[in-house]
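Structure, as structure tokens:
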Number of protein chains: 2
Amino acid sequence: MTAKRSSTRKKRPETVQEPRAEPPLSRERIVTAAVELLDAEGVGGLTMRRLADHIGAGVMSLYWHVDNKEDVLALALDCVLDYRRPPDMAGPSDWRDEVLHLLEDWRAVMLRHPWSASLLPRQVLGRNALARLERLSMTLSKAGVAEADLNAAIWSFWNYVMGATITRSSFDLSAKDRADAQQRLAQPGGQHPAIERSGLLQEDDWDGVFRKGLGFLLDGLSLQGQTTA
Amino acid sequence: MTAKRSSTRKKRPETVQEPRAEPPLSRERIVTAAVELLDAEGVGGLTMRRLADHIGAGVMSLYWHVDNKEDVLALALDCVLDYRRPPDMAGPSDWRDEVLHLLEDWRAVMLRHPWSASLLPRQVLGRNALARLERLSMTLSKAGVAEADLNAAIWSFWNYVMGATITRSSFDLSAKDRADAQQRLAQPGGQHPAIERSGLLQEDDWDGVFRKGLGFLLDGLSLQGQTTA
DNA sequence: ACCTGAACACCGTTCAAGT
DNA sequence: ACCTGAACACCGTTCAAGT
């Protein structure tokens, strides 16, 4: 394709010199641009037209390389979820640490692309999502989680991570929103004494909360059957 | 408003007789219609125009009663999440059962309106969402969950329920999809031996899985600090 | 106070056509 | 094999106007 590109170059003498001589359209280039757009503008900002503009192509050219918008979203999601299984740790490591690391990485990746988490639940079968699930499954069964508990355990971690990440990335209160919420709760005759007292909506150590809840899940799982490390 | 309606009637002799003489437009009527439409067509099927048609009003009439589409969605969500705190159980009941019941009800409500769960994470502050969180908070602190663990516990349950429900309602595989998935996993040199072996994607006892994972969470929480029932 | 139509600035995608 | 423009059937919302 380098050949093709340079032949295109020859046609355009240097005098014109477009902003950048665009490499030919390709699935890969489309996905890259889609991720950029999604990162910059969120899911509502991705439009086939804007995507084409961003690339410097006609809208309909995209459809040669891609089925439709849904396809673009699926590709972008999978791209972002890229997972290279870490080199198998030398020596036996704590399975809890392994799960923790795996899920914190997963969450971190999705928070870096805040549009991604909400898309994942209907795209469970993506290449990299499956790879991550596979890894989790391996870790848990090597840890001795009973066969009968395995699927429930995996889906529990999944649910927890998705819920946490989707919530975190779609519910970020501005300072003003927080003030409003707090005020509404503290109204005379407030109907929410408990969550007002604990400051549930004022919580801001999301990393800590995430880790703590994961701890509950791991502890509960450890109690089940013969989970031997 | 009955007056207004009957006066309208007079203008139209029985010969025409519209399907139903429409009661006047109101926020309430709009929300009801929105929920119907959402239940029938999903989130992609709700359109201001279709909503107006469904009600028998002009599109722009809606905007007198409602700020915008986002507002409609928020109202519909809160409507569906309706929560009447159950009459305080006579006698002390198991706090685990109470949490279980609370969260299973929450999940069931959202599954009955499959569009709702995905909307909730950015609408945490809705009336009924807060009421349910309040209830959960009360139950947990009465159960003796330490002050320091309370918020983490509440958010953990939230995350778990949201993750489970969103996944369940956006990822329902047809029989064909399942077959495809299974086949892809089972390909020669398959890269997913673990999740193939456990049949992770063939799981279909979602209620059971949900309850089991909730059990892990509850068990883990019970281990923490002095949780006395 | 409540409703309306026309208009604006967008969408995703089909289709028939170009090279 | 790859790209394109025109066109279709939609969107949400503003605005100026009606009653």
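Each chain gets a letter, A, B and so on, in the order its sequence line appears, and its residues count up from 1.
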Seminar exercise, completed: Residue set satisfying salt bridge (Lys or Arg N to Asp or Glu O under 4.0 Å) with A:Asp82, at least two apart, ordered chain then number -> A:Arg84

Exercise. What's the CG-C1' distance between A:Asp53 and D:dT4, to the nearest Å?
Worked result: 14 Å

Problem set entry | Where at least one partner belongs to residues 156-169 of chain A, residue pairs that pass side-chain hydrogen bond (donor to acceptor under 3.5 Å, both in side chains), sequence neighbours excluded | A:Trp158-B:Thr167, A:Thr167-B:Trp158

Exercise. What salt bridge (charged side-chain N to carboxylate O under 4.0 Å, His left out) pairs are there with at least one residue in residues 39-63 of chain B, not counting sequence neighbours?
Worked result: none

For this session: Check DNA chain D against residues 63-74 of chain B and give the residues with a non-hydrogen atom under 4.0 Å, in numerical order.
Result: B:Tyr63, B:Asn68, B:Lys69

For this session: Please list, chain by chain and in numerical order, all residues satisfying side-chain hydrogen bond (donor to acceptor under 3.5 Å, both in side chains) with B:Ser61, sequence neighbours excluded.
Result: none

Seminar exercise, completed: B:Lys212 meets the salt bridge (Lys or Arg N to Asp or Glu O under 4.0 Å) criterion, sequence neighbours left out, with A:Asp149

For this session: Using the ring-ring contact (aromatic ring centres under 6.0 Å, His included) rule, collect all pairs that involve residues 182-209 of chain A, keeping only residues at least two apart or in two chains.
Result: A:Trp206-B:Trp155

Seminar exercise, completed: To the nearest 0.5 Å, atom CE of A:Met138 lies from atom OG of B:Ser198 at 12.0 Å

Exercise. Pairs counted as Watson-Crick or G-U wobble with both distances under 3.5 Å: what dot-bracket string results for DNA chain D, using | for bases tied to another strand?
Worked result: ||.|||||...|||||.||

Problem set entry | Gap between atoms CG and P, on B:Leu62 and D:dC11 respectively (whole Å) | 13 Å

Problem set entry | Set of salt bridge (Lys or Arg N to Asp or Glu O under 4.0 Å) partners for A:Arg112, sequence neighbours left out | none

Exercise. Mind checking what makes salt bridge (Lys or Arg N to Asp or Glu O under 4.0 Å) contact with A:Arg122, not counting sequence neighbours?
Worked result: none

For this session: Would you mind reading off the distance between B:Met60 atom CE and D:dG18 atom C1', rounded to a whole angstrom?
Result: 14 Å

Exercise. Can you pull the salt bridge (charged side-chain N to carboxylate O under 4.0 Å, His left out) pairs that have at least one residue in residues 188-209 of chain A, sequence neighbours excluded?
Worked result: A:Arg107-A:Asp207

Problem set entry | Between P of C:dC10 and CG of A:Leu51, the distance in whole Å | 17 Å

Exercise. Heavy atom of residues 42-50 of chain B under 4.0 Å from DNA chain D: which residues?
Worked result: B:Leu46, B:Thr47, B:Met48, B:Arg49, B:Arg50

